[in-house]
Amino acid sequence: MENVHYQKIWHTVLQIPVGKVASYGQIADLAGLPGRARLVGKALGYAPKELAVPWYRVLRSDRSLAFPAGSDTAKRQRELLQDEGVLLRNNRVRKEDLWQPDLAELLFKLKY
DNA sequence: ACATTGACAAGAT
DNA sequence: GATCTTGCCAATG
């Protein structure tokens, strides 16, 4: 898989701090790919394991988990998030846990 | 080329 | 919020 966009997406997701979450659309925007929220999910699915991309810190714009509630993946995601202190109430995270990146700092980091 | 598919989003109800 | 409906757009077949 040699899609250029995937790299940008992975690196952007890598910037999400521990204990914070971001939406697919937000990541797409930050990665310079506005309107491509759906591509983010796909990219995460292809993310190489050795990159350790925190896929579980990405969820829907309404702050709900993207996987079917009760599915194994959803359970694992919920667990990983709670281990970082992100609490879920009925498959939704609190808005205080949303990532609000400083653009200047972020763009600097993504230069590499 | 053409059609379908998505780990989505925004607006309306 | 919860549900629906429409819009989206690259990737895939």
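Note that the structure is a prediction, hence the values are computed from the model and not measured. In the text below, chain A, chain B and the rest are named by the order of the sequence lines, each starting its count at 1.
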Distances under 3.5 Å between protein N/O atoms and the N/O atoms of nucleotides 6-10 of chain C, please, pair by pair.
none

Using the 3.5 Å cut-off, write out each protein N or O paired with an N or O of nucleotides 1-5 of chain C and the distance between them.
unit_1	atom_1	unit_2	atom_2	d
C:dG1	OP2	A:Arg63	NH2	3.4
C:dA2	OP2	A:Arg92	NE	3.4

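Listed by chain and residue number, A:Asp102, A:Lys109 satisfy the side-chain contact (heavy atoms from CB on, under 4.5 Å) test with A:Glu105 (two or more places apart in sequence, or in another chain). Remark: A:Arg63 pairs with no residue by the side-chain hydrogen bond (donor to acceptor under 3.5 Å, both in side chains) rule, at least two apart or across chains. Under the side-chain contact (heavy atoms from CB on, under 4.5 Å) criterion, A:Leu14 pairs with A:His11, A:Leu51, A:Val53, A:Pro54, sequence neighbours left out.
The distance between atom CD1 of A:Ile9 and atom P of B:dC8, rounded to the nearest whole Å, is 13 Å. One atom, CG of A:Leu44, and another, P of B:dC8, lie 11 Å apart when rounded to the nearest Å. As a whole-Å value, the separation of A:Trp55 CH2 from B:dG6 P is 19 Å. A:Ile27 places its CD1 atom 13 Å from the C1' atom of B:dC8, with the value rounded to the nearest Å.
Applying the side chain to side chain donor-acceptor pair (under 3.5 Å) test to every pair with at least one member in residues 65-81 of chain A, sequence neighbours left out, gives no pairs at all.
Within 4.0 Å (heavy atoms only), A:Thr73 reaches no atom of the nucleic acid at all.
Put simply, the side chain of A:Trp99 reaches to within 4.5 Å of the side chain of A:Pro17, judged on heavy atoms.
Close to B:dG6, at under 4.0 Å from its OP1 or OP2, lies no side-chain N or O of A:Tyr46.
The hydrophobic cluster containing A:Val18 does not contain A:Ile27, counting ILVMFWY residues as joined when their side-chain heavy atoms lie under 4.5 angstrom apart, directly or transitively.
Taking a 6.0 Å sphere around CG of A:Asp62, one finds it holds more than 12 heavy atoms contributed by other residues, nucleotides or ligands.
Looking at A:Glu84 and A:Lys20, no side-chain N of the basic residue comes within less than 4.0 Å of a carboxylate O on the acidic one, giving no salt bridge.
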